[in-house]
Trainee: 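Below is the structure I would like to discuss, written out as C-alpha cells.
Below, chain A is the first sequence line, B the second, and so on; all start at residue 1.
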Protein chains: 2
Amino acid sequence: MNPRRKKNTRAATLADVGRAAGVSAMAASAALNETRTSARISPETRAKILEAAEKLGYRPNVAARALVKRRMNTIGVSVVWYGSELNVYFIEVLNGIIEAATHFNQNTTVFTFHNWKDDIDRVGAVCDGRIDGMILLAPVYSSELAARLPLHTPFVALHANVEAEGVVNIESDEERGAHDIVEKLVELGHRRIMHISGPRGLLGAERRVRGYRAALLEGGIEPDPDLLISSNFTAIDGKKVMLEWLDAHARPNIPDAIFCANDAAALGVLEALASRGIRVPGDVSLCGFDDTISSRTTVPQLATVRQPLRDMGGKAVDILMQRIEAIHGGGPDFTHSPVVFDTSVILRDSVIPMPSAQQNIAPDLNSR
Amino acid sequence: MNPRRKKNTRAATLADVGRAAGVSAMAASAALNETRTSARISPETRAKILEAAEKLGYRPNVAARALVKRRMNTIGVSVVWYGSELNVYFIEVLNGIIEAATHFNQNTTVFTFHNWKDDIDRVGAVCDGRIDGMILLAPVYSSELAARLPLHTPFVALHANVEAEGVVNIESDEERGAHDIVEKLVELGHRRIMHISGPRGLLGAERRVRGYRAALLEGGIEPDPDLLISSNFTAIDGKKVMLEWLDAHARPNIPDAIFCANDAAALGVLEALASRGIRVPGDVSLCGFDDTISSRTTVPQLATVRQPLRDMGGKAVDILMQRIEAIHGGGPDFTHSPVVFDTSVILRDSVIPMPSAQQNIAPDLNSR
DNA sequence: CTGAAAGCGCTTACAG
DNA sequence: CTGAAAGCGCTTACAG
C-alpha cells in the first residue's frame, strides 16, 4: 500500500491470497477451508491458491472468523490467587484442562482474580466474545453473585464452594478421602492426630474436617479441639500456624501425626517442624491432601490423598464443550448433576507406624 | 431462571444499546468509550446510554473490536512439556508473567508444544490475530527455524537456547552463578566436586558447566571427567544417572560434594543418595540451581543458586509490551540486547564444610 | 457538533 | 458451478 517501507509487516489476508492466485477472496476461503462448496474449485485453481497461501504465510485472522462464526475456540479458566503464589493444585488442574482443550482444538486463557466476591463482575466482564465458555476453579461466592454470571456463556465449576444454578460442578469425594487417610493413621497406632484445616466454612474444608472427625470417632478417639487448627490452604500460613502451635505447647505434647487439608499446607508444616528439629517421620508422621507434584518433591515424600486433579480438569473441559456445542446447536444435551471423582490414599515415607508400637527397632531404621 | 428457557440468549450489541437509549450505535460507542469525541454527547443522553448498557448487560464484543483495532490485548506464552509434567521452573516464571500481564490489562494464553523443533510451525500458526505478542519459554530450536516466526508478531524469549534475530532474550548470569556456588564449595574444603549437568549443547547447560570448571581451576583443582555427568534437568533422570554412577564406583570414591544443574535434578540425586544410605550433608554436600519452591521443601533444605524467575517473567512482559506498543505506533523504542539478571548463591543445610576439616565434631551436630 | 458511511477480515446465503 | 453482496459488531474518518 504505502510505498514507504513500513516497519510492521502486516499479516496476509484472504484478499491477498486471492489476488496472488488470481481468484476472489471467497474462492480462496472455500479452497482453504475445504468446505462442502469447495468441490467446485478446480484442482489446479485450488493448488494455486494453496501455493499462494503458503508463500504469503497466510493465517486466517481469528478475530474476523470469530466475529462471523460467533465462536472463538477458546475456553476461559478463572482462578483466584491467594497471596501472590500460584499454587500447585492449580497447576495440576490446568494441566488437565490444557491437555483436554488441545484435544478439542481449543485454546485456554487464564483469568486471575483477587477475590471471588468482589471480582464476580470481572468474571462476567470477560464473557465478551473472547471465550466460548468458562471453567471456574474452586470458586467461592454467594448464589446471588453467581446469578449475575452472563446467561449467554456456559459455565462449569470445579471444586465449587457454593452451588450455582445451572452450573455443573466437578468434585471429588473429599470427605471419604480425609476419612480414609486418618483411619490409616489410627490403624498405624497414632492417637494424638492433629488436623490443619482449610478456612472453616468452605465446603472443601468442612468435608475434610468431617472425614477427619468421623475416622477418629470410629477409632474410639475423642476429637481434641486443641488438635484442630484452621489455616488457609497455603504453605506460608501452614508454616505460621504450626509454629504458633509449637510455641504454645511443650515439646512432649507434640502430636503423633498431622493431617493437613492440602499438600501446600503440609509443605509449610514440614518447614516449621524442620526448623524446630522435629523429624518427619521419626518424631511425627505427616500427610497432606491432593497428591500434587510437591508431595513427591519433598524429602521425605509426603503421604497424601489423591484426587485425580488432572482428570478432573479434563472432565471439566469435556462437559464445557458439550454445553458449548449444545448452545451452538447440534450437540447432544448435557447433565446438570455434579460429577464426583473417587479419592484414594497414597502412603509415602512421611508416615510410619507409631514408634512406640515398635520401640525395639533402632530409630535409624525407621527412615530406611 | 428464565421460564421461557430461551437457550440461545444472545449478548447485547451496541446497536441494542443505542436502540434502547434512542440514539445511534455510534453515539453509544462514543459515550461508552469516553473517547475525545464523546464530549459532544450531552450529559443526559450519555446517562441514558450508560443506563441502557447497564440494564442490557452490554459488553463490547472483543472480536469485533480486535478486528478494527488490530489488537487482542492478549499475550501468548509458548512452552514445551517434557514428558507430561509441568515443572516448577515453569510455574515460577508463569507466575511473574501473569502478574505483569494483569498489570497491563492483558490476558495471557498458554500454548503447549511437545517439541520445539517440530512444532515451531505451530508456534507461528498461533500468530493469527489471537495474540498481540509472544513469550517463548526456554526455547530450543535452530536459527533457521527461528527465522520462520511470523514477522508481524513481536517475540520475546526467556532462557533461550539459541539466538534468533530480532528476538530479545531474558536471561540470568548462569555461568557466574555456577561459578560462585562451586567456588563456595571449594572454600569449604571440598575437592572432589561432581557436576550433574543439563543436556550438553544447550546454552544454559554449557554455561553452568563453564562456571563449574572455572571455579575448580581457580581453586587449583583439575576437573575430573569422571565427575562430570550429563543429565536432562529432571528429577527422574537425575536419580537415574546418580544411581548408575554409584553402581560403577566403590563407596570410598564418592565425591565430597555434588553440584546439580538445577533443583529438579538435585531432588532426584537426593533420593538416589538416600536409597544407598549416603547422608546429605554428612557424607556428601549437595546443591542445585534455580531456587524453586522445591529447594525449600527438602530435608535438608537445598543450597542453590537463585535466579529471580518471577522477575524475569515480569520483565519479559515489560519488554514485549514495549514492542507491541512500538508496532502499534506511539510507544518508545525498545532494545534488542539481551537482558541479564544477576544470580546469587543461597546456602542451606545441604552444604557443610568438608568434614575432614572439622573431624572432631560429632556428626549429629552438623545437621543442627 | 452531528450522523451516515466505510471498513477491519472473514463466511454465508444468494443471485446469475 | 461461479462471483457479488451482505453481514458479524465494532471504530474511524469523513461529509454535512
Side-chain angles (χ1 to χ4, degrees), chain A residues 1 8 10-46 48-49 52-53 56-73 127-132 152 328-330, chain B residues 8 10-46 49 52-53 56-73 127-130 132 150 152 328-330:
Chain A
M1 324 278 173
N8 52 326
R10 182 162 291 184
T13 71
L14 214 39
D16 295 329
V17 174
R19 201 174 303 120
V23 298
S24 68
M26 184 250 126
S29 171
L32 290 167
N33 287 324
E34 308 195 25
T35 51
R36 280 166 290 131
T37 50
S38 73
R40 64 202 192 183
I41 309 285
S42 70
E44 306 83 53
T45 308
R46 131 161 293 180
K48 240 192 297 189
I49 292 169
L56 294 171
Y58 171 75
R59 300 289 171 198
N61 180 291
V62 90
R65 185 175 270 176
L67 189 55
V68 38
K69 291 259 209 183
R70 299 160 173 289
R71 189 73 186 274
M72 277 295 275
N73 294 313
C127 301
D128 55 3
R130 86 184 76 174
I131 55 166
D132 304 317
H152 56 85
H328 285 263
Chain B
N8 211 359
R10 182 161 290 185
T13 71
L14 215 39
D16 295 331
V17 174
R19 201 173 303 123
V23 299
S24 68
M26 183 252 125
S29 170
L32 291 168
N33 287 324
E34 308 196 25
T35 52
R36 281 167 288 132
T37 50
S38 76
R40 65 203 192 182
I41 309 285
S42 71
E44 306 84 52
T45 309
R46 130 162 295 179
I49 292 170
L56 294 172
Y58 171 74
R59 300 290 171 196
N61 180 290
V62 91
R65 184 175 270 175
L67 190 55
V68 37
K69 292 260 208 182
R70 300 158 173 291
R71 189 74 187 275
M72 277 295 276
N73 294 313
C127 301
D128 56 3
R130 87 184 76 175
D132 304 318
H152 56 85
H328 285 264

Trainee: Enumerate the salt bridge (Lys or Arg N to Asp or Glu O under 4.0 Å) contacts for residues 57-72 of chain A, please, sequence neighbours excluded, ordered by first and then second residue.
Mentor: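 Salt bridge (Lys or Arg N to Asp or Glu O under 4.0 Å) check on residues 57-72 of chain A returns A:Arg71-A:Asp132, A:Arg71-A:Glu325.
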Trainee: As a test of reading the structure: which of D:dC10, C:dC10, C:dT11 is closest to the side chain of A:Ser29, going by heavy atoms?
Mentor: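 My answer, after comparing the listed nucleotides, is C:dT11.
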Trainee: Would you name the heavy atoms of B:Pro60 and A:Asp128 that are closest together and state the gap between them?
Mentor: O-CB, 3.4 Å
Trainee: Using Watson-Crick and G-U wobble pairs with both distances under 3.5 Å, what is the 5'-to-3' dot-bracket string of DNA chain D, with [ ] for crossing pairs and | for pairs outside the strand?
Mentor: |||.||||||||.|||
Trainee: What's the shortest heavy-atom distance between B:Val17 and B:Ala52, and which atoms?
Mentor: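 Smallest interatomic distance, heavy atoms only, reads O-CB, 4.0 Å.
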Trainee: Tell me the closest heavy-atom pair linking B:Cys127 and B:Pro150, and the distance in Å.
Mentor: CB-CG, 3.7 Å
Trainee: Which pairs with one or both residues in residues 13-23 of chain B pass side-chain hydrogen bond (donor to acceptor under 3.5 Å, both in side chains), sequence neighbours excluded?
Mentor: B:Thr13-B:Asp16, B:Asp16-B:Arg19
Trainee: State which residues pass side-chain contact (heavy atoms from CB on, under 4.5 Å) with A:Thr45; sequence neighbours excluded, sorted by chain then number.
Mentor: A:Val23, A:Ile41, A:Ser42, A:Ile49
Trainee: Can you tell me the distance, in whole Å, between the CG atom of B:Asn33 and the C1' atom of D:dG9?
Mentor: 13 Å
Trainee: Once you apply a heavy-atom cut-off of 4.0 Å, does B:Arg71 come out as touching a base, just sugar-phosphate, or nothing?
Mentor: nothing
Trainee: For B:Leu67, check side-chain contact (heavy atoms from CB on, under 4.5 Å) against everything at least two apart and list the hits.
Mentor: A:Asn61, A:Ala64, A:Leu67
Trainee: To check you understand the geometry: which heavy-atom pair defines the closest contact between A:Arg46 and A:Ala31, and what is its length?
Mentor: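 Closest pair (atom of A:Arg46, atom of A:Ala31, distance): NH2-O, 2.6 Å.
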Trainee: Over how many whole Å does the gap from A:Arg130 atom CZ to D:dG9 atom C1' extend?
Mentor: 15 Å
Trainee: Using whole Å, what does the distance between atom C1' of nucleotide D:dC1 and atom CZ of A:Arg46 come to?
Mentor: 15 Å
Trainee: Show me the protein contacts with nucleotides 5-8 of chain D, counting only N or O atoms at under 3.5 Å.
Mentor:
unit_1 : atom_1 : unit_2  : atom_2 : d
D:dC8  : O3'    : A:Arg70 : NH2    : 3.1

Trainee: Taking the side chain of A:Leu14 as heavy atoms from C-beta outward, which of D:dC10, C:dT11, C:dG9 is closest to it?
Mentor: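 The listed nucleotide nearest to A:Leu14's side chain is C:dT11.
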Trainee: Consider the side chain of A:Asn61, meaning its heavy atoms from C-beta on, and name the nucleotide among C:dC10, D:dG9, C:dT12 that approaches it most closely.
Mentor: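 So the side chain of A:Asn61 is nearest to C:dC10.
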Trainee: Would you say D:dG9 has OP1 or OP2 under 4.0 Å from some side-chain N or O of B:Arg65?
Mentor: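 Checking B:Arg65 against D:dG9: no side-chain N or O falls below 4.0 Å of OP1 or OP2.
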